[in-house]
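Notes follow once the structure below has been shown.
In what follows, residues are counted from 1 in the order of the sequence shown. In each ligand, atom 1 is the first atom listed, and ligand 1 is the first ligand listed.
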Amino acid sequence: MTPLLRRARLLPLIAALLLSGCGRNMYDQARYESYEPSSLFADGTSARPIPEGTVSRERGAIAESFFTGQDENGLLTELPIPLTQAVLERGQERYNIYCAVCHNYSGDGGGIIVQRGFVRPASFHEPRLRAAPVGYFYNAITNGFGRMYSYASRIPPEDRWAISAYIRALQLSQSATVADLPADLQARLQAASSHAQGAPSNTVLTQGDAQ
Ligand code: HEC
C-alpha cells in the first residue's frame with residue numbers, strides 16, 4: 001500500500017473524531033448575559049465589581065486624583081501631567097473647539113453663544129478665577145458648573161488637564177508684565193519703543209519669538 005493510500009484510510013477516523021466535538025453544548029452552556037440579575041451574589045447582580053488595586057491595561061497605575069481632579073487635600077493645585085508645549089497646544093485646540101463658543105477665545109466670557117443670548121459665564125481673568133487651583137477648571141469640565149453641562153463624556157481626562165493648563169496660559173496672557181518676558185524680548189521691546197518715539201519701527205514681536 002502506498003503511504004498516500006494508508007493515510008486516506010485514516011480519514012474516516014479523523015472525521016469521526018473531529019465531528020464528535022461539534023455539538024452545540026459548548027456554545028449553549030449556562031452563562032450570564034451582561035448585566036443579568038443573579039441570586040448567587042449578595043448584591044443581586046452577575047456583574048462583579050473590579051477588585052481593589054486593579055491596574056488599567058491601557059493606562060497603568062494612575063492616581064485617582066488624575067481622574068477626579070482632587071485628592072484628600074481638596075482640588076489639585078498642580079497639574080498632574082508634565083507641562084509641555086505639546087500639552088498647551090492640545091489644550092488650546094480643545095479649548096477653541098469646546099469652550100470658546102461661550103467662554104470666548106480670550107476667556108473673557110463673551111463667546112458667540114453668549115452674544116446670542118446665553119447666560120454669560122464669569123471671565124477667567126477675574127481675580128477669583130486667577131486664584132483658583134488648576135483642579136477647579138478640571139472639576140468644572142468634569143462635573144459641569146451651574147448652568148454649564150458636564151463635558152466628561154466628550155473630553156477624556158488627559159484633554160481636560162490640557163485645557164485646564166491652557167486656561168492658565170490664557171490667564172497669564174492677559175496679566176503678564178514686561179518683567180515676565182525673557183531678557184532678550186525685553187531688550188527688543190525696549191528698542192522697539194525707543195524707535196517708536198522717533199521713526200516708525202518695523203520690529204514686530206510675534207508669538208514665535210517667545211519660544
Ligand atoms: C454652552 C456654553 C458653555 C460652554 C460650551 C462651556 N461653558 Fe463653562 N460655563 C458656562 C456658563 C454659563 C457658566 C456659568 C454657569 C453658572 O453660573 O450657572 C460656566 C462656568 C464655567 C466655569 C466656572 C466659572 C466660575 O465662575 O467659577 C468654568 C471653570 C468653566 N465654565 C470652564 C469651561 C470649560 C473649560 C469649557 C470647555 C471644556 C466650558 N466651560 C464650556 C457656559 C459654557
Side-chain angles (χ1 to χ4, degrees), residues 35 49-50 54-182 185 205-211:
Y35 305 116
I50 297 169
T54 301
V55 171
S56 154
R57 278 176 54 168
E58 288 78 27
R59 299 169 186 269
I62 292 185
E64 199 169 327
S65 54
F66 174 82
F67 301 100
T68 61
Q70 44 201 313
D71 59 17
E72 59 284 358
N73 303 318
L75 293 169
L76 294 196
T77 53
E78 297 274 329
L79 205 64
I81 53 173
L83 180 59
T84 61
Q85 181 80 20
V87 162
L88 281 180
E89 276 165 13
R90 174 76 182 173
Q92 179 182 48
E93 186 212 28
R94 297 289 107 179
Y95 176 91
N96 288 349
I97 291 170
Y98 287 110
C99 320
V101 283
C102 291
H103 288 274
N104 212 356
Y105 292 96
S106 69
D108 70 1
I112 191 75
I113 294 186
V114 173
Q115 289 168 37
R116 293 184 181 176
F118 195 67
V119 51
R120 187 181 181 120
S123 165
F124 290 145
H125 309 297
E126 59 170 59
R128 174 178 65 85
L129 288 173
R130 282 179 52 197
V134 70
Y136 184 84
F137 302 97
Y138 182 91
N139 185 60
I141 305 171
T142 307
N143 299 312
F145 184 93
R147 282 152 291 184
M148 179 189 130
Y149 39 70
S150 158
Y151 279 84
S153 63
R154 275 158 289 183
I155 306 181
E158 288 85 349
D159 285 345
R160 289 179 226 159
W161 286 117
I163 291 173
S164 305
Y166 179 65
I167 293 176
R168 276 278 179 264
L170 272 184
Q171 289 175 324
L172 186 63
S173 78
Q174 304 296 304
S175 66
T177 63
V178 173
D180 292 321
L181 291 173
L185 280 188
L205 290 174
T206 65
Q207 216 183 3
D209 289 334
Q211 287 166 9

Are the side chain of [X] and the backbone N or O of [Y] linked by a donor-acceptor pair below 3.5 Å?
X	Y	value
E64	D71	no
Q92	Y166	no
D159	P156	no
Q171	G107	no
N104	S106	no
S65	Q70	no

Can you sort out which atoms of ligand 1 are near [X], meaning under 4.0 Å from one of its heavy atoms?
X	result
A122	26 (O)
V101	5 (C)
F137	29 (C)
V119	12 (C)
I167	35 (C)
Y151	4 (C), 5 (C), 6 (C), 41 (C)
I155	38 (C)
I163	35 (C)

Is the shortest N/O to N/O distance between Y149 and ligand 1 below 3.5 Å?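 No, Y149 has no N/O under 3.5 Å of an N/O on ligand 1.
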Geometry only, no angles: is Y95 polar-contacting ligand 1 at N/O separations under 3.5 Å?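 No, since none of the N or O atoms of Y95 sits under 3.5 Å from an N or O of ligand 1.
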For Y138, run the ring pair (Phe, Tyr, Trp, His ring centres under 6.0 Å) check against W161, F67, F66 and tell me which one passes.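 Only one of W161, F67, F66 forms a ring pair (Phe, Tyr, Trp, His ring centres under 6.0 Å) with Y138, namely W161.
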Check each heavy atom of R128 against ligand 1 and say whether those closer than 4.0 Å belong to the side chain, the backbone, both or neither.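 Contact part for R128 vs ligand 1: side chain (C-beta onward).
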Please work out, at 4.0 Å between heavy atoms, whether the side chain, the backbone, both, or neither of Y138 comes within that distance of ligand 1.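 Near ligand 1, Y138 shows nothing, with every heavy atom at 4.0 Å or more.
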Sorted by chain and residue number, which protein N/O/S atoms are under 2.8 Å from atom 8 (Fe) of ligand 1?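 Correct list: H103 NE2, M148 SD.
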Could you check [atom] against the protein and tell me its nearest heavy-atom contact, residue, atom and distance included?
atom	value
atom 17 (O) of ligand 1	R147 NH2, 3.6 Å
atom 24 (C) of ligand 1	L129 CD1, 4.0 Å
atom 27 (O) of ligand 1	Y136 OH, 2.4 Å

Calculate, to the nearest 0.5 Å, the distance between atoms [atom1] and [atom2] belonging to [X] and [Y] respectively.
X	Y	atom1	atom2	value
L129	R168	CG	CZ	9.0 Å
L172	I167	CG	CD1	14.0 Å
D180	S173	CG	OG	11.5 Å
R120	D108	CZ	CG	5.5 Å
I141	I155	CD1	CD1	6.0 Å

Looking at ligand 1, does V114 have a heavy atom less than 4.0 Å from it?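 Under 4.0 Å: no for V114.
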With a cutoff of 4.0 Å, is R94 in contact with ligand 1, counting heavy atoms of the residue only?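 So R94 does not count as touching ligand 1.
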Row check, Y98 ring normal vs R94 NZ/CZ: under 6.0 Å, within 45°: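 The answer is no, since R94 fails at least one limit relative to Y98.
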Minimum heavy-atom separation for L88 to A169, with atom names?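 L88 and A169 have their closest heavy atoms at CD2-CB, 4.2 Å.
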